[in-house]
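Below you'll find the structure, written out as structure tokens, and then a few comments.
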Amino acid sequence: MPTITLPDGSQRTFDAPITTGGVAADIGAGLAKAALGARVDGILVGLDHLIDSDAEVAIITPPRGKDPCSDDALRLIRHSAAHVMAEAVQAVYPDAMLVYGPPVENGFYYDIALPEGVSISTDDFERIELHMNEIIKADRPFTRCDMDLSSGMKRLQGEGSKYKIDNAERAIDGGAETLSWYTTGTPDENWDDLCGGPHVPSTGHIGAAKVMTVAASYWHGDASSDHLTRLYGTAFPDKKRLASHLEQLEEARKRDHRVIGRKLGLFKIDDMVGQGLVLWTPAGAIVRQELQDFISAELTRQGYQQVFTPHIGKLELFRTSGHFPYYQDSQYPPIVDPDAMSMLVEEGCNCADLSNKLQEGDLDGYLLKSMNCPMHIRIYTSEPRSYRDLPVRLAEFGTVYRYEQSGELGGMLRVRGFTQDDAHIFCTETQLQDEMSGCLELVQIIFQTLGIESFDIRVGLRDPDSAKYVGDPSNWDRAEVACKAAADTLGTPWKAETGEAAFYGPKIDFIVKDAIGRSWQLGTVQVDYNLPERFDLSYVGSDNTTHRPIMIHRAPFGSLERFIGFLIEHFAGAFPTWLAPEQVRVLPVSEKSAEYASTVHAALVESGRRTTLDDSNERLQSRIRIAAERRIPYLLIVGPRDAEAGTVSVRVRGIERDLGATPLNDFVEALNAEVSGRRDCVVKQLFPSADQNHDSASEAAPESVPGP
RNA sequence: GCCACCGUAGCUCAGUGGUAGAGCACACCCUUGGUAAGGGUGAGGUCACGAGUUCAACUCUCGUCGGUGGCUCCA
């Protein structure tokens, strides 16, 4: 006699066990027809799920009208579509072995083991989709079949797929009591797959599916294991939603920092210079310099001291820090002294010998620094330190080089040479908490000033089972407690993740998403008990004995490359006035106003603004268009009327119409206030009508980045 | 590094086994125009690079380099 409680609180009692589909039918025939699945006591199930005791039940349906599709509905549809795609792939490649096919954030994938020499190319997508669409059109029911563990395993062994056997073993390890198969259609007649479910009732409920992309993957994510082909697809309840998803992807690509970076001349990555090495062009250099100035002022306020250190250092330095040879694979090779090199050549020394000598320390060389900490540590040790000196806070915009795998590089978000807004704090145990809070405050100031509202905070802890971490476990425990406590002071929820710590200590990271939905770490604060040991750091305490300081590594931007790459996408190129490479452009209506225009321009230059005068031989409309595409915050259009009255006619980015004339001095004053306050609204206040008829669609909406 | 795709003018892209085309940008001329493209003329390419097949390769094949999306990695 199960009693079912529905989401609205209403209850229905049945005198026998009933399926979720039965519950839906009991509520209404229309609902039963539309239903995709259900949640029973919070667990996602299919419509064939039998309820035999009291339960809370929510029926999952496709969205109505323009409502957004629920995550549950998408999950059911996409997992089902993964089966349909797998069947289609096996129709096209009969020898393909299936591995694993889950729904993911924006669709689903299926990992496939293809026979030697066979590959799926994008040209095959159409054929695969053709099969998929046939299966969807046939509206075949998903039929579940359970087998007890031993006969299920026997069946799998008979079929001979080590991948499916592995999946079954994992399911059993996870507590599965039976093994289940889902047939897409009639059992023993149609295609089936080992699967825990749930699925939509029939393939027809997958409204629209598409194969998106193909990539390589590794079995169990292990590069030394089998190499698999991962086919990505996506699915939606209807064609319209699929189309709008594809459209959103297209839109997101338009705000890709690589696209905007080129359009606005912000940076260039040049083949001839090298992969992952950024050239900061003049406009981008301004943005970078402004950000540096901004954070520098905060650092001064917080008692940091600025230092400069070289780009290379002796191997011995990095041996002591432990970075060499531990991270050798991701470093540019060492630079060897020319005389030593010639001697080695005379001795007939080969590459392997050279590498050995470098590793053993028989030969010294220099390494491009991949981090600044060893250098800052040597500044710390350059004089004796007393507890009265602590905390010592050494800051540097330090450029480091890491030889990242070529396939990992991308625009400014992952590069091989980058500048960290780095600092190292040397402090006592009792100062640790406050210092960490100070570091987190810096990140918050940055995010607030730039209007970055959607980010995740991750506290990276060590994985106790991994050998990757160095140092004393009790130190680790203290450091992890300190990190969590500091994260608590943020007043924003954070997530602890084991295995995400640096090898020398736990950390707090700030994670954001780029235009196409990928996650990137920006700011970071890391506690380190390890390097102070390795470098034997000390200070003299009030008890006149030596003590070991603790180090904090922190970079609130992370790196200027990645941060600005992200920022370009965040603002879609429409930087706030204080960051904008060009803040205001003066456009004379015609040559007749050229003289007044240059007076206006000169006044802006005089007040320290970044400005240009566009008196080119183009029509006004054309010059406005060019300036608007450059995302310049303010355009001053001046003609005879303005010259007469001493005014400027203002056009504001994002409003895109004439807001009317204002005295030049008022404009300059407001603009200066806006820039010096790092605000984005002072000039607008001159124009009470600015917020009316605001065409908001044309202004960048930073937080409404559509996901893929 | 692995898999797939891509590489034609500064940019965005057409194109064909018989030595190349558009739009924008650029230069010059006309136009002096009050809020998102005025008109004309011109210049600009070893079709990423190297090898092979062919009478002939930008086009087909292989390799290299570079890019993109994933995977793995990310001190």
Side-chain angles (χ1 to χ4, degrees), chain A residues 104 109 111-112 114 119-125 212-225 227-232 249 253 256 258-259 262-263 265 269-272 274-275 318 321-324 326-327 329-331 369-374 400 402-411 414-416 420 468-470 500-505 507 516 518 520-521 524 526 528 530-531 553 562 587-594 615 617-629 635-642 649-651 655-661 698 708:
Chain A
V104 290
Y109 67 78
D111 277 346
I112 300 153
L114 291 166
S119 64
I120 295 179
S121 98
T122 44
D123 298 336
D124 303 319
F125 288 5
M212 298 296 285
T213 177
V214 58
S217 68
Y218 308 116
W219 196 27
H220 298 164
D222 176 2
S224 62
S225 184
H227 288 212
L228 307 171
T229 300
R230 179 168 294 181
L231 198 56
Y232 280 87
L249 283 180
R253 282 192 193 106
D256 187 309
R258 289 163 296 199
V259 174
R262 181 182 295 125
K263 223 188 254 173
I269 295 175
D270 188 282
D271 290 359
M272 206 165 179
Q275 286 183 287
F318 299 107
S321 71
H323 293 102
F324 187 85
Y326 190 65
Y327 280 107
D329 288 347
S330 44
Q331 283 166 349
K369 66 176 171 182
S370 55
M371 75 301 303
N372 302 300
C373 22
V400 299
R402 298 178 186 176
Y403 196 79
E404 306 288 6
Q405 298 185 95
S406 59
E408 263 308 329
L409 301 172
R414 190 83 184 266
V415 291
R416 284 184 173 162
Q420 299 174 309
K468 164 181 161 190
Y469 307 99
V470 296
E500 288 296 331
F503 76 97
Y504 49 72
K507 53 181 188 164
I516 57 175
R518 296 177 295 195
W520 299 95
Q521 176 199 311
T524 181
Q526 313 179 352
D528 183 3
N530 176 50
L531 284 179
H553 309 242
R562 180 177 291 177
L587 309 179
V589 166
S590 78
E591 230 169 58
K592 290 178 195 124
S593 312
D615 56 0
N617 187 13
E618 289 293 335
R619 299 185 62 166
L620 181 60
Q621 288 94 319
S622 176
R623 284 177 287 147
I624 287 174
R625 181 165 184 272
I626 291 161
E629 281 175 352
L635 306 186
L636 301 185
I637 288 136
V638 295
R641 298 202 292 267
D642 296 292
S649 297
V650 180
R651 197 180 154 111
I655 298 179
E656 315 304 352
R657 62 185 164 83
D658 182 10
L659 289 180
S698 62

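By convention in this document, chain letters (A, B, ...) are assigned in the order of the sequence lines, proteins followed by strands, and residues within each chain are numbered from 1.
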Pairing partner of [N] (Watson-Crick or G-U wobble, both distances under 3.5 Å):
N: B:rG52; value: B:rC60
N: B:rC26; value: B:rG42
N: B:rG66; value: B:rC6
N: B:rC71; value: B:rG1

Report yes or no: is there a donor-acceptor pair, N or O only, under 3.5 Å between the side chain of [X] and the base of [N]?
X: A:Arg402; N: B:rC73; value: no
X: A:Asp642; N: B:rG34; value: yes
X: A:Arg230; N: B:rA4; value: no
X: A:Tyr403; N: B:rG1; value: no
X: A:Thr229; N: B:rA4; value: no

TODO: Please work out whether the ring planes of A:Phe503 and A:Tyr326 are parallel, tilted or perpendicular, with thresholds of 30° and 60°.
DONE: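 The rings of A:Phe503 and A:Tyr326 sit tilted, inter-plane angle from 30° to 60°.
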
TODO: Kindly say whether A:Ala215 contributes a backbone atom to a donor-acceptor pair with the side chain of A:Arg230 at under 3.5 angstrom?
DONE: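 Not a single qualifying donor-acceptor pair exists.
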
Side chain of [X] only, please: which of [options] is the nearest?
X: A:Asp658; options: B:rU35, B:rC71, B:rC2; answer: B:rU35
X: A:Ser590; options: B:rG33, B:rC71, B:rU35; answer: B:rG33
X: A:Ser649; options: B:rU35, B:rG33, B:rC3; answer: B:rU35
X: A:Arg625; options: B:rA37, B:rG70, B:rG34; answer: B:rA37
X: A:Ile516; options: B:rG69, B:rC74, B:rG33; answer: B:rG69
X: A:Glu618; options: B:rG38, B:rU32, B:rA75; answer: B:rG38
X: A:Ile637; options: B:rA36, B:rG34, B:rA75; answer: B:rG34
X: A:Gln275; options: B:rG67, B:rA36, B:rC73; answer: B:rG67
X: A:Gln621; options: B:rU31, B:rU35, B:rG70; answer: B:rU35
X: A:Asn617; options: B:rG34, B:rG66, B:rC30; answer: B:rC30

Task: Contact letters for nucleotides 5-15 of chain B, in which S counts primed atoms plus P, OP1 and OP2 and B counts the base, heavy atoms under 4.0 Å - done: S-----SS---

Task: Euclidean distance, atom CZ of residue A:Arg657 to atom P of B:rU35 [Å, nearest integer] - done: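 Nearest whole value for this atom pair: 14 Å.
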
- [ ] In whole angstrom, give the distance that lies between atom CZ of A:Arg416 and atom P of B:rC73.
- [x]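 Rounded to the whole Å, the gap is 18 Å.
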
Could you work out the separation of [N] and [M] based on their [atom1] atoms and round it to a whole Å?
N: B:rA37; M: B:rC24; atom1: P; value: 13 Å
N: B:rG18; M: B:rA25; atom1: C1'; value: 33 Å
N: B:rU59; M: B:rU19; atom1: P; value: 14 Å

TODO: Give a yes/no answer on whether the side chain of A:Arg619 brings an N or O atom under 4.0 Å of OP1 or OP2 in B:rG39.
DONE: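 No.
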
Task: Phosphate OP1/OP2 of B:rG69: any A:Arg518 side-chain N/O under 4.0 Å - done: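 Answer yes for this pair, as a side-chain N or O of A:Arg518 is under 4.0 Å from OP1 or OP2.
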
Open item on the list: Need to verify one output field. Residue with the more 5' nearest nucleotide on RNA chain B, A:Ser330 or A:Ala223?
Closed with: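 Looking at the nearest nucleotide for each, A:Ala223 comes out on the 5' side.
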
TODO: Map A:Arg562 and A:Tyr218 onto RNA chain B by nearest heavy atom, then report which one ends up closer to the 5' terminus.
DONE: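 Its nearest nucleotide lies further toward 5', so the answer is A:Tyr218.
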
Open item on the list: Testing the basics here: between A:Pro588 and A:Leu620, what is the closest heavy-atom pair and its distance to 0.1 Å?
Closed with: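 Result for this residue pair: O-CD1, 4.5 Å.
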
